[in-house]
Amino acid sequence: MVSLKLQKRLAASVLKCGQHKIWSDPNEINEIPLANSHRNITCLHKDGLNIKKPAIVHSCACVAFRNKAKRKGQHTLTNASYLCPLSSSQEDGSQCKNKPTEVGKGCACAKLARKAKKGQKRAAESSE
């Protein structure tokens, strides 16, 4: 497969869009790499070998569905697997960046939090 980085970059500047919005015809793989100037890329566009992809649909229903989930508190963290229960209890709002010690067990802070929670349960059971 031929690298078309230059052609994608030139086509993006000619068509005034991002590089991911450019579609190059895979059947014309012999002709596209020869285009190394703005004028040649413009000719390819007129011939239909380089096309600007349409905008992605952003429907109201999808937005409403996502906003409903965000009201519930979802979609708020980037990588929840690296966070621990202590991250929500920290006053300054910072989050624990420790990596999990075991699969499915969370970080070392989470282990300490579980121990503390067990201690609180035992204390509550003994007082009853």
Side-chain angles (χ1 to χ4, degrees):
M1 180 92 190
V2 180
S3 176
L4 301 175
K5 283 186 177 181
L6 172 71
Q7 286 75 14
K8 282 234 181 204
R9 183 180 59 79
L10 288 173
S13 67
V14 167
L15 299 176
K16 295 182 176 73
C17 65
Q19 292 182 21
H20 290 284
K21 287 282 184 184
I22 301 296
W23 177 84
S24 298
D25 191 356
N27 298 326
E28 300 295 332
I29 198 68
N30 297 329
E31 192 174 337
I32 294 173
L34 300 176
N36 58 1
S37 67
H38 281 267
R39 179 170 287 175
N40 291 345
I41 295 292
T42 307
C43 291
L44 288 179
H45 178 63
K46 286 179 182 176
D47 295 339
L49 302 181
N50 276 344
I51 296 174
K52 181 179 177 181
K53 291 182 192 173
I56 297 172
V57 176
H58 190 68
S59 69
C60 293
C62 289
V63 172
F65 185 75
R66 185 174 175 87
N67 286 343
K68 183 178 179 183
K70 283 183 74 89
R71 278 195 295 273
K72 289 182 180 177
Q74 299 167 353
H75 306 291
T76 54
L77 299 174
T78 55
N79 192 354
S81 64
Y82 288 107
L83 300 179
C84 71
L86 295 179
S87 63
S88 59
S89 65
Q90 292 177 353
E91 292 82 20
D92 60 348
S94 64
Q95 296 171 348
C96 178
K97 302 291 187 211
N98 295 335
K99 295 194 176 183
T101 53
E102 300 172 32
V103 177
K105 295 289 185 179
C107 66
C109 298
K111 189 175 180 182
L112 293 174
R114 282 194 300 274
K115 279 187 177 180
K117 196 172 186 180
K118 281 183 183 177
Q120 289 174 356
K121 281 184 182 178
R122 285 184 188 148
E125 288 173 0
S126 63
S127 65
E128 290 177 356

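For this chain, numbers begin at 1 and follow the sequence in order. Here the structure is a predicted model, which is why all the values come from computation and not from measurement.
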A.B. asks: What's the spacing between Glu31 CD and Asp47 CG if we round to 0.5 Å?
C.D. replies: 6.5 Å
A.B. asks: Between Arg71 and Asn67, is there a side-chain heavy-atom distance shorter than 4.5 Å?
C.D. replies: yes
A.B. asks: With Asn40, which residues qualify under side chain to side chain donor-acceptor pair (under 3.5 Å), at least two apart?
C.D. replies: Ser37
A.B. asks: Would you say that Arg9 contacts Leu6 through its side chain, given a criterion of any heavy-atom pair below 4.5 Å between the two side chains?
C.D. replies: yes
A.B. asks: Side-chain heavy atoms nearer than 4.5 Å, only ILVMFWY residues, links allowed to pass through others: does that put Ile51 and Leu44 together?
C.D. replies: no
A.B. asks: So do the side chains of Asn30 and Val2 get within less than 4.5 Å of each other, counting heavy atoms only?
C.D. replies: no
A.B. asks: Distance check, rounded to the nearest 0.5 Å: Ile32 atom CD1 versus Gln7 atom CD?
C.D. replies: 8.0 Å
A.B. asks: Below 3.5 Å, can you tabulate the donor-acceptor pairs from side chains in residues 11-26 to any protein atom, sequence neighbours excluded?
C.D. replies:
{"residue": "Ser13", "atom": "OG", "partner": "Leu10", "partner atom": "O", "Å": "2.8"}
{"residue": "Lys21", "atom": "NZ", "partner": "Pro54", "partner atom": "O", "Å": "3.2"}
{"residue": "Ser24", "atom": "OG", "partner": "Asn50", "partner atom": "OD1", "Å": "3.0"}
{"residue": "Asp25", "atom": "OD1", "partner": "Asn27", "partner atom": "N", "Å": "3.2"}

A.B. asks: Among all residues two or more places apart in sequence or in another chain, which pass the side-chain contact (heavy atoms from CB on, under 4.5 Å) test with Arg122?
C.D. replies: none
